[in-house]
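The block underneath contains the structure these notes are about, expressed in structure tokens.
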Amino acid sequence: MAAVKRTIYRALYGSRYDRVPWGQRIYVRPGERLAREVQWRLRLRRAELLTLAEYRERTDLGEIEEFVVCHLCGDSRQQPLFRPTGPKGRWSYQVVRCPGCGFLYRNPNIRPERLGDLYANGYSAFLTGKYAADRRRRYRLTMDSFHPVFAQGGGRRLLDFGCGAGLFLELAEQRGFDAAGVDLSPDSVAEANRRLARARAYHGTPEDVPEIAVGGFDVITLWSVLAHLPRPLDDFRRFRSLLAPGGVLMILTVNAASLQLKAHGSAWNGFTKNHLMFYSAETMPTLLRRTGFAGVAFTPFYGDTVEAGTTKLSEPLQRRLRRKVEASDGGNMLRALAFADDEAIDRWGGGLKVRRLPKYEG
Ligand SMILES: [Zn+2]
């Protein structure tokens, strides 16, 4: 099958795009977007639509798992789409789509009280190992995309939720934020506090820590954390209440509307071992609206090497990639700035395309 595809692409395009990495090729090859959208539509049309009872009957349930319904709209119907599987089959889970609102989530999901099991050992090594330089670069590029919020801390209070080993807290304190973090992994928190000068990391949830539970934060950051949350509505209500008037919540997560997901299916790089839920610019506003946020702005993600200027892609292809990302999926990662209230929109929304969220009655 792969050989057939290669032959077709070679006939269509020659060898022009052979050296463009896969993640970029999908945005620069003419016709690719249309082909992937058609592929996606066909996949949705072919997928079964089951009641929750039917779905439970045919699906195995692990010891730390539970069946859930769509957290965003409450629809219990299940459209099984993907089965991501780790190297050598070490892990595997089922991803379903909500036919009501299009939300993608793992089902069965992890029982919240067992979430710590996923992060008990070895996670801090993953966070600080050879990927540390890439992560720092990604923090800087995303902070730049929401420039005024992160340019200078000026003593503003910042909470990094899921702070890991403190790589971002370190940047935040260097920029003058009064920064604190929480994380479920005790190893990571210990590592973070060795690294930090003034900022502090705490083990547990915000309500476990009196210094954090008092709230009054100007900025809360969720770096690659949202996809790990089994009860996002509860968490986001808490974030909203921890924010000071004029406060903002910054989110970086994998983008479930990505053309790469549509192309790779179960092999998409956003389906990692511990990810539970997959948001897009269509579904995330529902979560924010239901938890009391007043607005949201998304900035496109062109890929780390393009944004950092280290890509080998030619100038014309870079321009094409940027245009495509803006006109199609917004990129393989989703970057969002959520505004607590109108004051936050006035203060930080300049230069961004802010989408105001109507008050939720429910
Ligand atoms: Zn739904």
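Counting starts at 1 for both ligands and their atoms, following the listed order. One is the number of the first residue; the rest follow in order along the sequence.
In the model, Asn107 has a side-chain atom that pairs as donor or acceptor with a side-chain atom of Gln78 under 3.5 Å.
Partners of Thr310 under the side-chain contact (heavy atoms from CB on, under 4.5 Å) rule, at least two apart in sequence or in another chain, are Arg137, Thr305, Ala308.
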Intermediate values then yes/no, ring-ring contact (aromatic ring centres under 6.0 Å, His included), Phe103 and Tyr279
CA-CA 7 Å; Phe103 188 46; Tyr279 296 81; 4.8 Å; yes
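Neighbours of the Zn ion (ligand 1) restricted to protein N, O or S atoms under 2.8 Å: the count is 4.
The list of side-chain hydrogen bond (donor to acceptor under 3.5 Å, both in side chains) pairs with a residue in residues 235-247, not counting sequence neighbours, reads Glu207-Arg238, Asp235-Arg238. For the side-chain hydrogen bond (donor to acceptor under 3.5 Å, both in side chains) condition, the pairs that include at least one residue of residues 211-223, sequence neighbours left out, are Asp160-Thr221.
Using a cutoff of 4.0 Å between basic side-chain nitrogens and carboxylate oxygens, Glu170 and Arg136 are scored as salt-bridged.
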